[in-house]
Amino acid sequence: DISITATPSGTQNPDLMNKIDQQINNLKTKIASRVAQLNLVEKRGMIGTVVQTSGTEIQLTDGKNNIRFVDVDELTKFSSSSAKDIGISDLTKGTIVGVLGNYNKESKRILARFVDVLTFPQTYSGIVDSVDSKNYQFNITTLDQKTKLIDVGNVTKTSAYSADSGLKKAGFSKIQTDQRVYIVGFPDKTDPNKIIASRIILLTNLTQSSSGSATLSPSLIQKK
């Protein structure tokens with residue numbers, strides 16, 4: 001004969017209920033721990049200058065000269081306008097980068113999700129030494145006696161400034177030797193002495209023999 005023992009209706013298995021309670025408590029603990037972790041982490045971005053890199057860590061100085069620590073992992077994406085494929089090993093001392101990632105309030109470190117190498121325009125002023133009309137380039141000697149090759153492209157905006165007429169639109173043909181110029185541009189990625197000009201201002205009242213200054217105010221440079 002086969003004997004079957006049935007659990008009476010309305011009764012519960014104590015062992016089963018204990019296991020369910022334990023699982024619920026474990027789940028509550030995990031959720032509480034996760035919530036605490038999330039409260040310590042927030043999205044944050046910063047711009048800084050690379051001090052050094054080692055392994056998966058980048059040390060930066062921020063705008064207040066504070067040392068900041070950035071961690072990278074296999075999910076971190078690096079980018080640069082001058083290179084297609086870069087990594088942490090390509091970040092040399094003095095490189096300016098923008099970082100976006102998860103900031104831990106307790107450790108005060110950022111786990112980077114994006115690291116972008118930033119390039120800012122530089123300004124140069126000097127005297128035109130020679131003009132290459134065929135290649136739309138000209139050489140200058142800066143006020144600190146350095147030689148720079150200035151490359152003029154389709155996006156370069158060229159203007160002429162004089163005390164009488166102010167700032168007027170000009171073309172490449174107006175650039176002459178012995179003329180003082182003010183240039184805003186970016187160093188070429190393969191030749192630091194070559195400048196890709198974005199803005200050129202010809203100081204028509206000033207030549208190499210003039211005693212005036214070749215420095216312009218920022219408001220004047222920004223005018224179209």
task: Name all pairs fulfilling the ring pair (Phe, Tyr, Trp, His ring centres under 6.0 Å) condition that reach into residues 60-119, sequence neighbours left out, sorted by first residue then second.
output: none

- request: Using the side-chain contact (heavy atoms from CB on, under 4.5 Å) rule, take V128 and D178 through it: C-alpha gap first, then chi angles, then the decisive distance, then the call.
  value: CA-CA 5 Å; V128 178; D178 197 37; over 6 Å; no

message: Can you give me the closest heavy-atom contact between P121 and V184, atom names plus distance?
response: CB-CG1, 3.8 Å

Got a list of side-chain donor-acceptor pairs under 3.5 Å for residues 134-142, not counting sequence neighbours?
residue: N135; atom: ND2; partner: D132; partner atom: OD2; Å: 2.7
residue: Q137; atom: NE2; partner: D151; partner atom: OD1; Å: 2.9
residue: N139; atom: ND2; partner: S130; partner atom: OG; Å: 3.1
residue: T141; atom: OG1; partner: D129; partner atom: OD1; Å: 3.4
residue: T141; atom: OG1; partner: D129; partner atom: OD2; Å: 2.5
residue: T142; atom: OG1; partner: D144; partner atom: OD1; Å: 2.2
residue: T142; atom: OG1; partner: K146; partner atom: N; Å: 3.0
residue: T142; atom: OG1; partner: K146; partner atom: O; Å: 3.2

message: Going by the rule side chain to side chain donor-acceptor pair (under 3.5 Å), which residues pair with Q122 if we only count those two or more places apart in sequence or in a different chain?
response: Y124

statement: D71 meets the salt bridge (Lys or Arg N to Asp or Glu O under 4.0 Å) criterion, sequence neighbours left out, with R109

query: Would you say L149 and N193 make side-chain contact, with heavy atoms under 4.5 Å?
result: no

- request: Would you mind reporting whether N102 and K43 have side-chain heavy atoms less than 4.5 Å apart?
  value: yes

message: According to a hydrophobic-cluster definition based on side-chain heavy atoms being under 4.5 Å apart (Ile, Leu, Val, Met, Phe, Trp, Tyr only), do I200 and F172 belong together?
response: yes

statement: To the nearest 0.5 Å, atom NZ of K77 lies from atom CG of L75 at 9.0 Å

message: Can you give me the closest heavy-atom contact between S159 and L167, atom names plus distance?
response: CB-CD1, 3.8 Å

field: Which atom of A112 lies closest to which atom of T76, heavy atoms considered
entry: O-OG1, 2.7 Å

message: Do L60 and V97 make a side-chain contact, defined as non-hydrogen atoms from C-beta onward lying under 4.5 Å apart?
response: yes

query: What is the minimum heavy-atom distance between T156 and R199, and which atoms define it?
result: CG2-N, 4.4 Å

message: Are V50 and T92 packed together at the side-chain level, in the sense that at least one heavy-atom pair is separated by less than 4.5 angstrom?
response: no

- line: In short, Q179 meets L203 closest at the heavy-atom pair CG-O, 4.4 Å

- prompt: Listed by chain and number, what are the side chain to side chain contact (heavy atoms under 4.5 Å, CB included) partners of D62, not counting sequence neighbours?
  reply: M46, K64, N66, R68

- prompt: Heavy-atom distance under 4.5 Å between the side chains of Q176 and V131, does that happen here?
  reply: no

statement: Contacts satisfying side-chain hydrogen bond (donor to acceptor under 3.5 Å, both in side chains) that involve residues 166-175 (not counting sequence neighbours) are none

- prompt: Roughly how far, to the nearest 0.5 Å, is the NZ atom of K148 from the CG atom of D191?
  reply: 8.5 Å

message: On a heavy-atom basis, which atom in I150 and which in A197 lie closest, and how many Å separate them?
response: CG2-CB, 3.8 Å

- request: Please name all residues satisfying side chain to side chain donor-acceptor pair (under 3.5 Å) with T53, sequence neighbours left out, ordered by chain then number.
  value: none

message: Evaluate V115 against L91 for side-chain contact (heavy atoms from CB on, under 4.5 Å), listing each step before the verdict.
response: CA-CA 10 Å; V115 178; L91 303 182; 4.2 Å; yes

task: Tell me who clusters with I196, hydrophobic residues only, linked when side chains sit under 4.5 Å apart either directly or through other members.
output: none

Contacts of T158 that satisfy side chain to side chain donor-acceptor pair (under 3.5 Å) - sequence neighbours left out: none

- request: Report yes if some heavy atom in the side chain of T123 is under 4.5 Å from a heavy atom in the side chain of I183; otherwise report no.
  value: no

Inter-residue atom distance Q59.CD - K93.NZ, 0.5 Å rounding: 11.0 Å

task: State whether a side-chain donor-acceptor pair under 3.5 Å links T190 with D188.
output: yes

- request: Please identify each residue that fulfils side chain to side chain donor-acceptor pair (under 3.5 Å) with S54, with sequence neighbours left out.
  value: none

message: Using the salt bridge (Lys or Arg N to Asp or Glu O under 4.0 Å) criterion, which residues pair with D90? Sequence neighbours excluded.
response: none

query: Any side-chain heavy-atom pair from I86 and V117 closer than 4.5 angstrom?
result: yes

- prompt: How is the hydrophobic cluster of L118 composed, in terms of its other members, when Ile, Leu, Val, Met, Phe, Trp and Tyr link through side-chain heavy atoms under 4.5 Å apart, directly or indirectly?
  reply: I47, I96, F120

